[in-house]
Amino acid sequence: MSKAITSRATDYSQWYNDLVLRGELADYSAVRGCMVIKPYGYALWENMRDALDKMFKDTGHVNAYFPLFVPKSLFEAEEKNAEGFAKECAIVTHYRLKADPDRKGKLMVDPEAKLEEELVVRPTSEAIIWSTYKGWIQSYRDLPILVNQWANVVRWEMRTRLFLRTAEFLWQEGHTAHATRDEAIEETVKMLHVYADFVENWMAVPVIKGVKTANERFAGAEDTYCIEALMQDGKALQAGTSHFLGQNFAKAFDVKFSDKENKLDYVWATSWGVSTRLIGALVMAHSDDQGLVLPPRIAPNQVVIVPIYKGDEQKAQIDERVALLMNEMKAAGIRVKYDNSDQARPGWKFAEYEMKGVPVRLAIGARDLENNVVEVARRDEQTKSTVSLDGIVGHIQSLLSEIQQHLFDKAKRFQQTHITRADSWAEFEQLLEEKGGFISAHWDGTSETEEAIKEKTKATIRCIPLENDQEEGVCILSGKPSIQRVLFARAY
RNA sequence: CGGGACGUAGCGCAGCCCGGUAGCGCACUUGCAUGGGGUGCAAGGGGUCGCUAGUUCGAAUCUAGUCGUCCCGACCA
């Protein structure tokens, strides 16, 4: 294994792959398009999941679990949703294998075991969930239903990339049911803010909140709200979506309720999700050419302690002192790892934990013990300092917050300096080629123009920002009148 | 699905053009030394060269086919 990873400047895609593989977040698997999430990557996901889960529960949601399989007849009920996902569905057609008479010891699909009705492996769960909600909802008293599920879904993508786009991925999907349109919209927006809060304050990745245009809208939604993040190569990444589904699914699955006046109406719906893709966003937002850089709030290990010793006697002394320190740090809620394995030497460990993005590294040797100090190294800035062991826990705590803030500020600066206004087509094209990032420009509001711009430049409208300034102008492509600027970018 | 690249030891690669007893680095095992930024020395173990056919006295190498993976694009979270 070579020591260095590919630099961002050399090959951004390769850099990203190197980070994921060498940082031991994930690995390629025996299944095309599917990845193995390794323990370190899964620990990261668990931290993200736990934080989000708490936020969902704090906003009144509960978890449930629905089946992986969706009968085809249910899947096709909401036509736009079905059509949108049809070309990337895995289908179960049989339920049994049998010995292959032509190939000794091998198996074949038993043609006798064909299913009456094919099962679609869920690419998303609106269909199975709304067919279930039909049985749960009769009255306004049954509403709202605020359910989330943590699950895996399958989308048979033609081209996959670790975390960013895999055939199977882990996510959460919230599916709520409401008595009124306004309440459903309020829920949709509320969850968008929850996502933004999480991504910015836990992952330290700044996002832009907005609404998708009709072209980019979720299949079956009336409105799709999104948070968009910017990666270091200037491409945008959709980090989360929240959909106002109107009454589309209620109508498709005949889910009606009686209101206070005993009038029947269809239920209003939302759905919202974020996935393991967020890990891809995290990697691309903060990491550098030395490896991963993880924000303290979700890093599996916030601190790693590396002992430096000669001989067993010194090691024992350091072990003893570090044991005390570990207890203090754990009591203070710090996720800390002590790597006193004799398998690798300090220099190797330093490089390893840098690769894995551990925010703070402490090195402690016999000399330090004598002086009652420890060497503190921070991953984000690659700086080191010597700090007294007295009050070290408080120091580490504030250092972790400082790093968290620093990562966010740095990413925020990058985002702010990469939102550029374009007022002519030439300027627009030039910005896309030379600078990247979000381009704020006027658009005439038509799908045709959006499509044409995508065709010409591969840039799409990432979103119409919430609380967007209304400003008269002319569309950069068509020259027709426009009432506001929207954000364009090339995207993952 | 189109374009490109690649399948040789656990990982990364050379060898292939010009056929002749499979090699390098890392990792692994053992020992000694070493230990404040990917340790040094020494001795070892491990591969029917993706698969199938063909050409040949002889194939990692040539031919045909096949399977798979990655990268770029179209599609998408």
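Excluded from the calculations below are hydrogen atoms, water molecules and symmetry mates; all remaining heavy atoms, backbone and side chain alike, are included.
- Using a 4.0 Å heavy-atom distance criterion, A/Asp312 is classed as making no nucleic acid contact.
- Within the 4.0 angstrom heavy-atom criterion, only backbone atoms of the sugar-phosphate kind lie near A/Gln238; the bases stay farther away.
- Using a 4.0 Å heavy-atom cutoff across all strands shown, A/Asp11 reaches no nucleic acid atom at all.
- In a base pair of the Watson-Crick type (N1 to N3 plus N6-O4 or O6-N4) or a G-U wobble (N1-O2 and O6-N3), with each distance short of 3.5 Å, B/G7 is matched with B/C67.
- Residue A/Lys384 places a side-chain atom within donor-acceptor reach of the base of B/G37, judged by atom type and a 3.5 Å distance cut-off alone.
- Of the listed nucleotides (B/C71, B/G36, B/G38), B/C71 has the atom at the smallest distance from the side chain of A/Asn17.
- Atom C1' of nucleotide B/G35 and atom CZ of A/Arg345 are separated by 5 Å, given to the nearest angstrom.
- Among the heavy atoms of the strands lying under 4.0 Å from A/Glu354 is at least one base atom, whether or not backbone atoms are also near.
- A/Arg378 places its CZ atom 21 Å from the P atom of B/G37, with the value rounded to the nearest Å.
- Close to B/C11, at under 4.0 Å from its OP1 or OP2, lies no side-chain N or O of A/Tyr28.
- In the set B/G36, B/G38, B/C75, B/C75 carries the atom at the smallest distance from any side-chain atom of A/Met158.
- Between the CE atom of A/Met191 and the P atom of B/A77 there is a distance of 20 Å, given to the nearest Å.
- Across B/A77, B/C71, B/G37, the shortest atom-to-atom separation from the side chain of A/Arg155 is found for B/A77.
- Distances were taken from every side-chain heavy atom of A/Ser275 (C-beta onward) to each of B/G38, B/A77, B/G36; the shortest belongs to B/A77.
- Within the nucleic acid shown, A/Lys349 has no heavy atom closer than 4.0 Å to any nucleic acid atom.
- Nearest to the side chain of A/Arg361, among B/G35, B/C75, B/G37, sits B/G37.
- At a threshold of 4.0 angstrom between heavy atoms, the contacts of A/Ser13 are confined to the sugar-phosphate backbone, with no base atom among them.
- Among the atoms of the strands shown, base atoms are found under 4.0 Å from some heavy atom of A/Thr166.
- Within the 4.0 angstrom heavy-atom criterion, base atoms lie near A/Phe169.
- The CD1-P distance, from A/Ile5 to B/G38, rounds to 18 Å in whole Å.
- The residue A/Leu237 sits apart from the nucleic acid: no heavy atom pair falls under 4.0 Å.
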Can A/Asp339 and A/Tyr353 be said to form a side chain to side chain donor-acceptor pair (under 3.5 Å), step by step? CA-CA 10 Å; A/Asp339 185 355; A/Tyr353 292 112; 2.6 Å; yes
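- For A/Glu157, counting side-chain heavy atoms from C-beta on, the closest listed nucleotide (B/A77, B/G37, B/G35) is B/A77.
- Among the atoms of the strands shown, none is found under 4.0 Å from any heavy atom of A/Gln314.
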